Amino acid sequence: MARIDELASIGAIEGTKGCARLALTDADKAGRDLVVTWMRDLGLGIAIDRIGNVVATMPGFGSVAPVMTGSHIDTVGTGGRYDGNLGVLAGLEVIETVMRSGIELTRPLAVAFFTDEEGARFAPDMLGSLVYVGGMPLEEALDITDADGLVLGDELARIGYAGAAPCPGVVPHAFVELHIEQGPVLEAEGFAIGAVTGVQGISWTEVTVVGQSNHAGTTPMELRHDPGYVAARIATFVRELADDLGPPQVGTVGSLSLHPNLVNVVAARAVVAVDLRNTDDAALIHAEQRLAQFLDEVAGAEGVTISTRSLARFEPVTFDDRVVRIIHELAAAAGLTVRRMPSGAGHDAQMFARVCPTAMIFVPSEKGISHNPAEHTDVDDLEAGANLLLHTLLQLTGDELSWPSLTPR
Ligand code: HGY
Ligand code: MN
Ligand code: MN
């Protein structure tokens, strides 16, 4: 808890419990430096790779593949103190506890934090873990730019985390991530633990609308080609599409910008980001097709041009049932109420599911609130999650989980 509080003080959002540490900003650097110091203080072997992922491994095991845990310490601009941070700091606590206990292990534990999990500054999300497992070429990732045109590789070098360890990274024996649920289910149903069975598919599309900038007062309505109006139509359509398709489909327009964004000017341009998610890929593809059809229609009707760019597209992921079962059974054996459930949010674990036996542990989020400075999880729930992580990782060190050889896509 002391480490959670100290890390949350970096980029703290005035008057809240939350913090803002967008990827590769100075605040992210300060958070990274603090966590790396804690890793070094434990005497862990630290590898920083070329996309800035940091992996800290128990020493003395040579090249034996580790059982790895971890998450992210970058946040969205209005972040909470537990999203990602809990998984990294609980992992550190687990390793410290194991080392202090003198338990003899057959393979090392490792804890990692991955670059730019949020994708809020540099899309896509889960970028660092995606590169770590070979899902995106390093050079392509280093070239990604943010909304101000700053290049990811330059920002990584600027904060001193352009490491030397190669990407793709060492394939772990198994990977387990502890994370807050970020949704209302566990709290509403009275469960202490979620044994996470997988992650829903994610589709992010940047929609650029170009119309005719004009005077707000003199331009007759029938002569307008108004990107501001079209952007509002898109946001409304996305909501109505999700309502029409019904759960588990969700749709969000969380980012909408107009240029020149002035009260008395019909906009020249609008940029809208659309986030669509579904646990079923065919249904997600259908939702994407409905969006594309709507964009065609509204462009024709308003006489604007619309172009789109995919910012992220990840298929739904199913976690390894053997690992999910270990989590479920250990939670029950510890007397914790536990249910299996999919994840609505994206996580680094969904990338590791491509290369090794992987699953996640959820703990409840108060009122299901997250990506919000008010994010909160009770300390008893945090502790239960960390203890379950400890026992899950220990079991996995002894468990020979033969893994069909998979080449990362
Ligand atoms: O977008 C997500 O689901 C994650 O928080 N990056
Ligand atoms: Mn997260
Ligand atoms: Mn997040």
Side-chain angles (χ1 to χ4, degrees), residues 4 7-8 11 13 18-24 28 31 35 53 69-91 111-131 135-136 144 175-183 194 196 198-206 248-255 273-279 284 310-317 341-353 358 360-365 368-377 382 385 389:
I4 284 179
L7 181 54
I13 299 173
C19 42
R21 293 196 304 272
L22 281 172
L24 308 187
D28 185 24
V35 175
N53 297 317
T69 188
S71 192
H72 60 96
I73 57 173
D74 67 297
T75 75
V76 293
T78 52
R81 61 176 50 199
Y82 304 106
D83 177 0
N85 303 310
L86 170 64
V88 177
L89 298 183
V111 59
F113 60 80
F114 301 99
T115 296
D116 186 38
E117 187 278 344
E118 292 295 359
R121 181 182 176 199
F122 298 101
D125 51 351
M126 288 75 71
L127 180 67
S129 48
L130 177 67
V131 174
M136 178 186 282
I144 293 170
F175 185 89
V176 179
E177 180 174 0
L178 170 63
H179 206 287
I180 53 171
E181 178 201 338
Q182 301 181 287
V196 186
V199 179
Q200 65 180 342
I202 299 176
S203 165
W204 287 0
T205 304
E206 179 187 78
Q249 181 66 49
V250 290
T252 313
V253 167
S255 167
V274 178
D275 180 321
L276 297 173
R277 307 196 193 196
N278 198 303
T279 52
L284 185 54
S310 173
L311 297 177
R313 181 58 168 93
F314 298 123
E315 293 175 4
V317 159
M341 61 190 292
S343 172
H347 298 288
D348 293 308
Q350 76 189 84
M351 300 306 165
F352 280 86
T358 298
M360 291 183 73
I361 298 168
F362 273 173
V363 290
S365 291
I369 296 283
S370 182
H371 282 189
N372 178 319
E375 181 180 279
H376 178 74
T377 296
L382 297 172
L389 180 68

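Just follow the structure's listing: the first ligand is 1, and inside any ligand the first atom is 1. All figures in this text were calculated on a predicted structure; none of them were measured in a lab. Values below: every heavy atom of this structure, side chains too, minus hydrogens, waters and symmetry copies. We number each residue from 1, following the sequence as shown.
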Sorted by chain and number, sequence neighbours left out, side-chain contact (heavy atoms from CB on, under 4.5 Å) with T78 holds for V76, P373
Return the orientation label for the F175 and F114 ring planes: parallel under 30°, perpendicular over 60°, tilted otherwise. tilted
Listing by chain and number, what protein N/O/S atoms are under 2.8 Å from the Mn ion (ligand 3)? D83 OD2, E118 OE1, E118 OE2, H371 NE2
Under 3.5 Å side-chain donor-acceptor pair for H371 and D83: yes
Tell me yes or no: between the side chains of N278 and Q249, is some donor less than 3.5 Å from an acceptor? yes
Residues M126 and I202: closest non-hydrogen pair is CE-CD1, 3.9 Å
Strictly under 2.8 Å, is the Mn ion (ligand 2) approached by any N, O or S atom of H347? no
Have a look at H347 and tell me which of F314, F352, F362 forms a ring pair (Phe, Tyr, Trp, His ring centres under 6.0 Å) with it. F362
List in chain and number order the residues that pass side chain to side chain donor-acceptor pair (under 3.5 Å) with Q350, two or more places apart in sequence or in another chain; answer none if no residue qualifies. none
Using the side-chain hydrogen bond (donor to acceptor under 3.5 Å, both in side chains) rule, pick out the option among H179, H376, Q182 that qualifies with S370. Q182
Non-hydrogen atoms closer than 4.0 Å to ligand 1: which protein residues do they belong to? List them by chain and number, please. E117, E118, D125, W204, R277, A345, G346, H371
Polar side-chain atom of E315 near backbone of G201 as donor-acceptor pair, under 3.5 Å: no
E177 and S71: side chain donor to acceptor below 3.5 Å: yes
